[in-house]
Amino acid sequence: GAVSCAACLAGTNCPRPGLSLATLPLKRGYYRLNESSLDVRRCPDASEGCSEAGTGECPESRSVCRGEEDVATQCAPGFTGPFCLLCEQPRHIRRTSSHSQPENSTGTSVLACVDCAEAGLLSYTVGLVAAVVAGLVLVLVLLEVARRRLPVYVQWRLARLWRASNPPNKLKIAAGYYMIITKIDTVYQADMPASVRAMLEPFRLSVTLGMGSTNDVLACVGVTSFLGRLGVWMLLPVVLVLVLVFGCVCWLGYRRELTRHTLLSSSLPLITRLLFVLYPLVTNVAFEAFSCYDFDGDAAVSNSTVQSFLVSDVSVPYYREEHGTITGVAWLALFLYPLGIICIFAALLLHARKAILAKRPTLLSQAVRFLYREYESPFYYWEIMEMLRRFILVGVMVLVPRGTIVQLVIGTVFSLSYLLLQMQAAPYKDTADDYLANSCSFGLVVVLLLCIIFKLGTLVELREVYDKM
């Protein structure tokens with residue numbers, strides 16, 4: 001057949017003439033499915049080791065996508081699959097390697113597939129959980145000791161200062177803000193500068209309660225599939241609620257105060273707080289079932305089909321029977337948790353609205369006080385608005401093609417509209433809380449606008465964009 005020449009693609013390296021499609025070498029940090037593919041993609045870890053994220057040229061990249069001429073060896077040893085995201089051996093996880101050796105002139109790989117036993121992840125997780133529990137117990141003990149030892153007038157002043165500043169409300173506002181901000185890079189596939197990602201990492205760990213590493217823990221105990229992980233997250237809130245109720249029953253029984261009234265008054269506030277913390281985590285996992293990597297078909301075959309893989313588990317081909325089961329379970333999770341919990345909270349607030357508006361506490365209004373205590377009475381429902389905003393920005397937006405400018409623009413317009421509505425309503429009792437909430441909403445709009453600029457800089461590979469931002 002006729003042979004034609006074409007310009008080298010972005011992400012490829014053409015140091016000499018006479019190269020063919022089959023032997024087309026890639027730059028480090030780029031990947032293609034096979035030797036007949038013209039679809040060259042930037043790997044998710046392409047910015048590892050780079051001074052700034054999102055730049056097109058990064059000779060110091062430490063990506064496991066090595067950029068070889070031979071497609072069969074383009075992944076670093078021990079890695080395989082699309083974007084080299086999978087470990088070849090079972091019960092191995094991706095971990096930073098402290099003894100990596102230089103593989104080529106473009107840099108040193110800092111990632112390696114490590115055996116679970118060698119990584120010591122399970123023992124580390126158990127120790128971390130034990131340390132957190134011990135820390136919480138120690139804090140409670142110290143608070144009780146301080147309450148008994150401090151003079152009455154000091155306790156009165158501290159209580160007055162606490163009520164005036166209302167730290168829980170401000171912490172709740174900040175937590176809601178960081179629940180969104182720390183997910184922007186994954187939900188919108190925005191390449192943030194390395195310094196920004198490093199700054200956000202402690203907040204990511206805080207708002208997710210360190211749950212981000214649970215995938216590795218589950219992989220080490222044999223739960224490697226996305227469907228298995230989703231099942232674990234769906235069962236976790238149910239198990240924790242049952243444990244919580246059982247604990248309240250035991251405590252009230254020990255004090256001989258176990259009645260239906262005391263059980264509801266003691267357990268319902270704790271359950272609402274628990275579900276408030278857990279439902280965003282389940283939501284994020286469930287929405288991952290609808291996001292995929294699309295690769296163009298074989299360039300040598302006319303009308304070849306697009307090959308797609310689940311982003312959260314690239315071992316699962318998209319639009320196949322297995323993925324159909326995953327999406328069915330994911331929709332069930334979405335109806336049970338984010339939508340279900342939002343509807344339950346809305347129903348509880350609606351049922352208690354007369355007591356809330358009249359400021360005559362009832363058992364139910366006291367139990368759900370966590371949801372409305374910081375808002376003015378006419379805006380007792382505003383927490384539902386906040387939950388819907390998080391649900392849309394880091395949940396529903398996954399259904400929009402990820403990594404596109406359109407996705408970022410929609411998120412920005414929605415955030416700006418919410419900011420204007422929030423400023424007009426001023427729903428908080430404390431003016432300082434209104435200022436803080438408005439500042440967080442404005443900061444969210446600014447971050448999304450900057451992500452659009454970063455995305456444009458990535459598409460045109462302009463390093464100057466990142467040097468000036």
Side-chain angles (χ1 to χ4, degrees), residues 172 175-184 186-187 204-215 217-218 223 225-246 267-292 310-313 316 323-352 364 367-368 370-372 381-400 402 411 414:
K172 190 176 176 183
Y177 169 72
Y178 283 108
M179 281 181 183
I180 300 174
I181 287 293
T182 55
K183 295 292 292 182
I184 285 179
T186 54
V187 172
R204 189 196 311 274
L205 292 174
S206 300
V207 297
T208 61
L209 305 179
M211 296 295 184
S213 60
T214 53
N215 288 349
V217 176
L218 293 175
V223 184
S225 67
F226 175 78
L227 188 60
R229 295 199 301 268
L230 179 58
V232 169
W233 280 107
M234 290 178 65
L235 290 175
L236 180 63
V238 177
V239 172
L240 292 180
V241 167
L242 292 177
V243 170
L244 188 60
V245 173
F246 179 75
S267 63
L268 191 55
L270 298 177
I271 291 174
T272 56
R273 286 167 170 80
L274 178 64
L275 294 179
F276 182 82
V277 171
L278 289 180
Y279 93 90
L281 305 179
V282 182
T283 302
N284 292 336
V285 176
F287 269 114
E288 289 176 359
F290 304 97
S291 183
C292 67
L310 197 64
V311 170
S312 55
D313 185 0
V316 178
H323 181 256
T325 304
I326 290 175
T327 54
V329 177
W331 279 117
L332 177 62
L334 292 173
F335 280 110
L336 288 177
Y337 286 101
L339 294 177
I341 290 175
I342 289 174
C343 290
I344 290 174
F345 284 175
L348 291 174
L349 288 172
L350 186 64
H351 190 69
L364 179 59
V368 298
F370 171 75
L371 297 174
Y372 69 86
Y381 57 84
W382 196 263
E383 190 59 46
I384 305 300
M385 301 283 289
E386 288 287 325
M387 295 171 71
L388 285 172
R389 175 173 69 158
R390 291 192 292 270
F391 176 68
I392 292 173
L393 286 178
V394 299
V396 175
M397 291 305 298
V398 175
L399 302 178
V400 181
R402 294 177 71 182
F414 176 82

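Computed over heavy atoms, backbone and side chain alike; hydrogens, waters and symmetry mates excluded.
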Rounded to the nearest 0.5 Å, the CZ atom of Phe345 sits from the CD atom of Glu383 at a distance of 9.0 Å

The ring pair (Phe, Tyr, Trp, His ring centres under 6.0 Å) partners of Phe287 (sequence neighbours excluded) come to Phe391

To the nearest 0.5 Å, atom CD1 of Ile344 lies from atom CG of Leu339 at 11.0 Å

### Task
Could you tell me whether the side chain of Leu364 reaches within less than 4.5 Å of the side chain of Leu268, counting heavy atoms only?
yes

Is there a side chain to side chain contact (heavy atoms under 4.5 Å, CB included) between Ile271 and Val245? Walk through the geometry before answering. CA-CA 8 Å; Ile271 291 174; Val245 173; 3.9 Å; yes

(request) With side chain to side chain contact (heavy atoms under 4.5 Å, CB included) as the test, would you mind laying out the steps for Leu236 and Trp233 before giving the verdict? (result) CA-CA 5 Å; Leu236 180 63; Trp233 280 107; 3.8 Å; yes

Interatomic distance, CD1@Ile341 vs CG@Leu278, rounded to 0.5 Å, equals 8.0 Å

CG of Leu275 to CG of Leu240, rounded to nearest 0.5 Å, is 9.5 Å

Sequence neighbours excluded, the answer for ring pair (Phe, Tyr, Trp, His ring centres under 6.0 Å) partners of Tyr177 is none

With sequence neighbours left out, the residues meeting side chain to side chain donor-acceptor pair (under 3.5 Å) with Lys183 are none

task = Please assess Leu393 against Ile184 for the test side chain to side chain contact (heavy atoms under 4.5 Å, CB included), listing each intermediate value before the final yes or no.
result = CA-CA 9 Å; Leu393 286 178; Ile184 285 179; over 6 Å; no

Taken to the nearest 0.5 Å, the spacing of Leu310 CG from Phe290 CZ works out to 10.0 Å

Taking every heavy atom of Gly411 against every heavy atom of Met397, the minimum-distance pair comes out as N-CE, 3.8 Å

Nearest heavy-atom approach of Thr272 to Ala367 is OG1-O, 3.9 Å

For Ala286 and Leu334, the nearest pair of non-hydrogen atoms, with its separation, is CB-CD2, 3.7 Å

Sorted by chain and residue number, the side chain to side chain donor-acceptor pair (under 3.5 Å) partners of Arg229 (sequence neighbours excluded) come out as Asn215

Here the pair of heavy atoms bringing Gly228 nearest to Val223 is C-CG1, 3.5 Å

Applied to residues 387-400, the side chain to side chain donor-acceptor pair (under 3.5 Å) test, sequence neighbours excluded, yields Glu386-Arg389, Arg389-Ser441

Leu227 and Val329 have their tightest heavy-atom pair at CD1-CG2, 3.8 Å

Minimal heavy-atom distance between Leu349 and Tyr381, with the atoms involved, is CD1-CA, 4.3 Å

Here the gap from Met387 atom CE to Ile392 atom CD1, rounded to the nearest 0.5 Å, amounts to 12.5 Å

Residues passing the side chain to side chain contact (heavy atoms under 4.5 Å, CB included) test with Val243, sequence neighbours excluded, are Val239

